[in-house]
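Basis for what follows: all heavy atoms, side chains included, without hydrogens, waters or symmetry-related copies. Each chain gets a letter, A, B and so on, in the order the sequences are listed, and its residues count up from 1.
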Protein chains: 2
Amino acid sequence: MTDTRAEPDTRAEDEPRLRIGEMAKETGLTSRTLRYWEEIGLLRPVAHRGSGERLYSLAERERVVHIRELQDLLGLTLAEIHDVLASEDTLERVRRATRASAPTPKRLGLLEDAIAANETLVQRINERLERIGEFRDQCLARGDRMRARRVDLEAEIADQRPRPRPKGRPG
Amino acid sequence: MTDTRAEPDTRAEDEPRLRIGEMAKETGLTSRTLRYWEEIGLLRPVAHRGSGERLYSLAERERVVHIRELQDLLGLTLAEIHDVLASEDTLERVRRATRASAPTPKRLGLLEDAIAANETLVQRINERLERIGEFRDQCLARGDRMRARRVDLEAEIADQRPRPRPKGRPG
DNA sequence: ATTACCGTTGACGTGAACGGAAACCAATCT
DNA sequence: AGATTGGTTTCCGTTCACGTCAACGGTAAT
């Protein structure tokens with residue numbers, strides 16, 4: 001019981017909100033990491049329901065996943081990630097601030113900034129894909145050389161093996 | 001003069017050998033990094049000509065580039081890289097040790113180990129390529145959504161713009 | 001011979017990205 | 001009521017991958 005539901009806390013959109021432990025499990029991170037990311041300004045949970053308990057929205061969870069990918073797949077530092085998400089953030093902030101207010105004459109500019117940022121990101125990704133592709137080709141080439149060397153070795157061994165039995169066996 | 005050439009030092013294959021500074025410049029690393037990598041067992045320069053001066057072969061330079069790619073493109077730690085290069089290393093060591101000696105019956109095994117290691121590496125690379133590809137697709141989708149939103153916004157603005165000037169000025 | 005340059009070996013410092021423990025709330029289970 | 005669970009802040013510790021500095025040595029040119 002103790003129906004603590006329906007608290008209009010910061011904003012009462014009925015999105016399910018995650019506690020930090022749930023968030024951690026769903027994203028595969030630790031609570032510590034989530035707090036740290038918040039500390040350096042990468043995350044902004046609804047924070048502090050009643051006591052000081054953080055609550056995360058689904059958007060926040062998406063964001064966490066996004067950050068993780070920028071970190072793991074592109075090898076960006078958290079500072080770089082901060083920059084990458086900057087335009088996206090201002091866009092979101094303005095979007096919330098002007099909820100059905102102005103005709104949004106400059107929101108368009110923000111949006112275009114975000115679009116541009118996204119495109120440079122895609123470009124970085126493409127470069128990386130290319131470089132990794134080249135690297136893979138090199139590895140494949142190495143593999144081919146080694147396999148060629150292997151058949152040579154096998155042949156040499158086969159040539160030398162019959163010595164204890166020089167009469168040759170056709171089968 | 002002081003023709004210090006032709007010193008049969010460790011082995012006198014006439015490969016050009018690089019000093020640590022040259023190596024650093026060619027690979028874009030620092031001397032410190034090269035020493036550090038040696039310290040943790042990733043590199044093994046011919047070392048110590050006369051005094052304690054390191055000299056690197058071309059093979060070593062290739063190796064450095066390889067390590068850099070494993071580090072940057074795949075995000076492996078130096079410890080992981082150490083593991084990845086392990087089979088390759090033993091192969092090389094055995095290859096040097098048995099220079100035209102045995103018919104190499106078990107060298108084949110080493111070679112096959114190296115081939116296997118290379119294949120798992122290629123697999124890791126492929127997985128990564130796939131994940132990055134998915135990530136890129138997500139980013140592209142985001143971009144599409146934002147662009148769609150943009151045309152909406154432009155339409156809204158165009159609808160609302162005429163209000164301050166209802167009389168319409170064609171010029 | 002002096003200077004300049006490049007190298008060497010320690011040893012300690014550093015920034016990034018957290019880990020972990022202490023001391024303390026708040027809700028929940030038994 | 002007491003214990004458990006899961007959250008909070010604060011602060012210090014840690015790992016990785018080097019950076020940096022001191023003290024020193026060999027080689028080459030001036």
Side-chain angles (χ1 to χ4, degrees), chain A residues 1-7 9-10 17-56 60 64 67-85, chain B residues 1-7 9 17-56 60 64 66-85:
Chain A
M1 297 189 192
T2 65
D3 182 56
T4 39
R5 207 72 57 74
E7 44 178 353
D9 158 81
T10 307
R17 315 228 156 207
L18 305 167
R19 302 179 71 184
I20 197 171
E22 301 165 337
M23 183 72 158
K25 270 181 190 161
E26 288 198 19
T27 59
L29 301 172
T30 68
S31 308
R32 178 67 178 93
T33 297
L34 293 172
R35 293 199 200 93
Y36 176 64
W37 286 7
E38 178 181 352
E39 187 182 333
I40 62 175
L42 277 182
L43 246 46
R44 193 176 297 279
V46 176
H48 317 270
R49 84 164 182 196
S51 77
E53 188 162 333
R54 290 167 182 79
L55 292 176
Y56 298 88
E60 218 72 29
V64 166
I67 293 174
R68 200 87 177 104
E69 286 167 329
L70 289 170
Q71 194 183 31
D72 285 1
L73 299 181
L74 298 193
L76 303 187
T77 69
L78 297 185
E80 290 170 324
I81 293 174
H82 187 88
D83 292 353
V84 169
L85 298 184
Chain B
M1 296 189 192
T2 66
D3 183 56
T4 38
R5 209 68 58 73
E7 44 177 351
D9 142 273
R17 314 229 158 210
L18 305 168
R19 302 178 71 184
I20 198 171
E22 301 163 338
M23 183 72 158
K25 269 180 193 165
E26 289 198 18
T27 59
L29 301 171
T30 67
S31 309
R32 177 64 177 99
T33 297
L34 293 172
R35 292 199 201 94
Y36 175 64
W37 286 8
E38 178 181 354
E39 187 183 333
I40 63 175
L42 278 182
L43 247 45
R44 194 175 298 280
V46 177
H48 318 271
R49 83 164 181 197
S51 77
E53 189 163 333
R54 291 167 181 79
L55 293 176
Y56 297 87
E60 217 73 28
V64 166
H66 194 199
I67 292 175
R68 200 85 176 107
E69 285 166 331
L70 288 171
Q71 195 184 30
D72 285 2
L73 299 181
L74 298 192
L76 302 186
T77 69
L78 296 184
E80 290 171 323
I81 292 173
H82 186 88
D83 292 351
V84 168
L85 298 183

Of the candidate nucleotides [options], which contains the atom at the shortest distance from the side chain of [X]?
X     : options               : result
B:R19 : C:dA17, C:dT8, C:dC6  : C:dC6
B:Q71 : C:dT9, D:dG7, D:dA17  : D:dA17
A:E53 : C:dT8, D:dA17, D:dG7  : D:dG7
B:W37 : D:dC18, C:dG7, D:dG7  : D:dC18
A:T30 : C:dG7, D:dC18, C:dG19 : C:dG19

Over how many whole Å does the gap from [X] atom [atom1] to [N] atom [atom2] extend?
X     : N      : atom1 : atom2 : value
A:M23 : D:dG6  : CE    : P     : 18 Å
A:R35 : C:dA21 : CZ    : P     : 14 Å
B:R54 : C:dG7  : CZ    : P     : 11 Å
B:R32 : D:dC21 : CZ    : P     : 13 Å
A:I67 : C:dC18 : CD1   : P     : 10 Å
A:I40 : C:dG15 : CD1   : C1'   : 12 Å

Name the residue closer to the 5' end of DNA chain C, choosing between A:L29 and B:E22 according to the nucleotide with the nearest heavy atom.
-> B:E22

Result of checking A:E38, A:R19, A:E26, A:R17 against A:Y56 for side chain to side chain contact (heavy atoms under 4.5 Å, CB included) = A:E38

Have a look at [X] and say if it touches a base, only the backbone sugar-phosphate, or nothing, with a 4.0 Å heavy-atom cut-off.
X     : value
B:L78 : sugar-phosphate
A:E39 : nothing
A:S31 : nothing

A:T33 side chain near C:dG19 phosphate (N/O to OP1/OP2, under 4.0 Å) = yes

In short, B:Y36 meets B:L78 closest at the heavy-atom pair CE2-CD1, 3.6 Å

Spacing of OG1 belonging to B:T33 relative to CZ belonging to B:R68, to within rounding of 0.5 Å = 7.5 Å

Near B:H66 NE2, under 6.0 Å, is it more than 12 heavy atoms from other residues, nucleotides or ligands?
-> yes

